[in-house]
Amino acid sequence: MSSIVSDRQFALIDGNAFYVSCERVFAPRLRGRPVVVLSNNDGCVVARSDEAKALGIGMGTPYFKIRQPYERAGGIALSSNYTLYADLSSRMMSIIGQYSERQEIYSIDESFLEWQGFRHAELDRMAFELRRQVGQWVGIPVGIGIGATKTLAKAANRLAKHHPDFRRSGVCNLSALAPARLEAYLAGIAPGDVWGIGARWAARLAGLGIRSALDLRQVDPAWVRLHFNVVLERIARELRGVACLALDEAPPPKQQIISSRSFGRLITALEPLRQAVSTHAARAAEKLRHEAAQTRALTVFLHTPPFNVSEPQYHPGVTIRLANPTSDTLALTAAALRGLLCIYQPGYRYQKAGVMLLDLAPARGEQLTLFPDDETGIPERSSRSALMAVMDRINRRMGRHTLWTAAQGVSGSRPAEDWRMNRGKLTPAYTTQWAELVVARAI
DNA sequence: TCTGGGGTCCTAGGACCC
DNA sequence: TCTGGGGTCCTAGGACCC
């Protein structure tokens, strides 16, 4: 078997409990202990170490619900340190990229590779070497799954992490297995654990007698199309080894950009909402320029807390069309603040605000109207884009809060951020701030 | 007291066009 | 006796992902 040269194979490489592993690189005291990383505002659990999983901590659990027993059991909780995770991610991804001409970076901790024309023994050897190298160079443990389709590679990755036959090596190559063994492993995977199948579909599938990935592989794809849709049909075909999902090497241009945050406390007054909306407009505009794109429409929205039924609920949103496509922070801020005035109602306690940019287009070759609108007078366009370029450069070089708009508010030498989120358990920016580097001392 | 943020794809139905 | 056919665009809603 292992001497046969394979046709195209997909590998899925991902970091185990990635955020927790990033934290452990620089804080050895976290090793061997239950550790969770919390979402923004220290709200929900978004990453768990094996030890935390063993305590029964579920993914997405609101932290306040488990905090007391968890901490009593010696558990540690940390705020999300995205600066650190993004930096370690890019180091990990560049190592992974050395192992194939074709790589898709699928998320902050997951990457697909495509391999063609290798013997299975060579595939396995490369996978082991990759795993060893990422472990040694970045300090992140990874799991690797190999299969004939992306969906099978995902399933293999799951087995590499959870199944006793593969957990020790951390590598699972489903394509190298005899059909009967492959089917035996697929029989042990619940439909809801297959990539692309969520809780809703899993429940409906169970009602129709589909109780494993193997069952789904064996039903007629046309039947799946009839009872569900083309998305699930593709998943069923992929489980049969028919590749329906291609490797996406270059991410397609974004279709929308969102910036939003829950507040650290509920807010009723207009001024802090203006500051928050201005900050979201500025962040969204910065992302837009990073994409080399412009927008022709922007939505502003507010939310009252969705979980407290005794409070009056209100979640308005308004979309503002722009006469000229733009990526100018000042123009987008002005439009967003106009939108805020349309939807703001006093008397509610707001929990969240955000700005979405829709209808994006590449920055070059845009259609201008004959008539400049108030915020982006055509004669000023080129000096405005030069201003934005300078602002982005300064903020990249000197730090995020070096230049900002007055509408974001001022508090000392920073934006006001009265609405700032809670991040009480934040670890240092170990790899991106000189002042926060780890110092090793000889004893 | 305390429940994240940022995305994608597909479908159905209505408006509108030639 | 009896009202075409084919197409696009937009929106809302539903499902999923990490």
Side-chain angles (χ1 to χ4, degrees), chain A residues 12 14-19 36-48 58-68 70-71 77 79-82 85-86 89 104-112 150-151 154 157-158 191-205 225 227-235 244-246 248 251-266 276 280 283-284 287-288 290-291 296-297 299 301 303-311 317 319 321 349 351-360 421-425:
Chain A
L12 176 69
D14 78 339
N16 299 346
F18 184 68
Y19 296 170
V36 299
V37 173
L38 304 176
S39 63
N40 280 322
N41 245 330
D42 293 345
C44 300
V45 171
V46 293
R48 305 160 294 157
M59 188 72 168
T61 311
Y63 187 57
F64 75 90
K65 287 190 177 171
I66 53 149
R67 187 178 145 200
Q68 288 199 358
Y70 176 69
E71 292 182 357
S79 303
S80 298
N81 186 345
Y82 285 109
Y85 312 151
S89 169
E104 171 183 345
I105 296 173
Y106 178 70
S107 75
I108 193 163
D109 74 322
E110 285 177 72
S111 176
F112 286 100
K150 288 172 117 180
T151 304
K154 269 275 195 181
N157 179 278
R158 193 186 160 72
D193 292 328
V194 173
W195 188 38
I197 301 181
R200 302 288 174 97
W201 286 1
R204 275 179 63 197
L205 283 166
R225 174 76 164 257
H227 284 79
F228 293 85
N229 59 17
V230 65
V231 178
L232 194 59
E233 182 195 358
R234 278 200 289 253
I235 293 171
C244 304
L245 305 171
D248 264 328
K254 278 204 198 332
Q255 302 186 22
Q256 55 175 247
I257 287 172
I258 302 177
S259 173
S260 74
R261 279 277 182 285
S262 300
F263 306 130
R265 56 182 171 80
L266 299 182
H280 291 308
R283 272 191 66 209
K287 291 189 205 177
L288 190 60
H290 186 71
E291 281 275 304
R296 286 173 290 211
T299 297
F301 61 89
H303 265 291
T304 50
F307 298 104
N308 187 348
V309 284
S310 61
E311 281 214 27
T319 299
R321 297 239 146 233
R349 307 202 305 150
Q351 182 242 1
K352 182 175 185 172
V355 169
M356 298 171 59
L357 307 181
L358 326 149
D359 202 1
L360 309 188
M421 61 183 179
N422 302 316
R423 293 170 91 187
K425 312 160 196 299

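Side chains are part of it too, since the values below use all heavy atoms of this structure and drop only hydrogens, waters and symmetry mates. A, B, ... follow the sequence lines: proteins, then strands. Residue 1 opens every chain.
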Any side-chain N or O of [X] under 4.0 Å from OP1/OP2 of [N]?
X        : N      : result
A:Arg283 : B:dG6  : yes
A:Arg234 : B:dC9  : no
A:Ser262 : B:dG5  : yes
A:Gln351 : B:dC2  : no
A:Lys154 : C:dC18 : yes
A:Ser80  : B:dG4  : no

Among the nucleotides [options], which one has an atom lying closest to any side-chain atom of [X]?
X        : options               : value
A:Gln256 : C:dA15, B:dG4, B:dT8  : B:dT8
A:Trp195 : C:dC17, B:dG7, B:dG5  : C:dC17
A:Phe64  : C:dC18, B:dC2, B:dG6  : B:dC2
A:Asp109 : C:dC18, C:dC16, B:dG4 : C:dC18

**Study point:** Same-atom distance (P) from B:dT3 to C:dC18, integer angstrom
**Key:** 24 Å
Review point. Would you call the rings of A:Tyr82 and A:Tyr19 parallel, tilted or perpendicular, where under 30° means parallel and over 60° means perpendicular?
Key: perpendicular
Using atom [atom1] of [X] as one end and atom [atom2] of [N] as the other, report the distance to the nearest whole Å.
X        : N      : atom1 : atom2 : result
A:Arg423 : B:dG5  : CZ    : P     : 12 Å
A:Asn229 : C:dC16 : CG    : P     : 10 Å
A:Asn41  : B:dG6  : CG    : P     : 12 Å
A:Leu38  : B:dG5  : CG    : P     : 13 Å
A:Ile257 : B:dG6  : CD1   : P     : 11 Å
A:Asn422 : B:dG5  : CG    : P     : 11 Å
A:Arg200 : C:dG13 : CZ    : P     : 15 Å

Practice item. Under 3.5 Å for both distances, Watson-Crick or G-U wobble, that's the pair rule; now give the dot-bracket for DNA chain C, with | marking pairs to another strand and [ ] for crossing ones. Key: ....||||||||||||||
Check your understanding: Within a reach of under 6.0 Å around NE2 of A:His227, are more than 12 heavy atoms found that belong to other residues, nucleotides or ligands?
Key -> yes
Practice item. Indicate whether any N or O donor in one side chain lies under 3.5 Å from an N or O acceptor in the other, for A:Ser79 and A:Asn81. Key: no
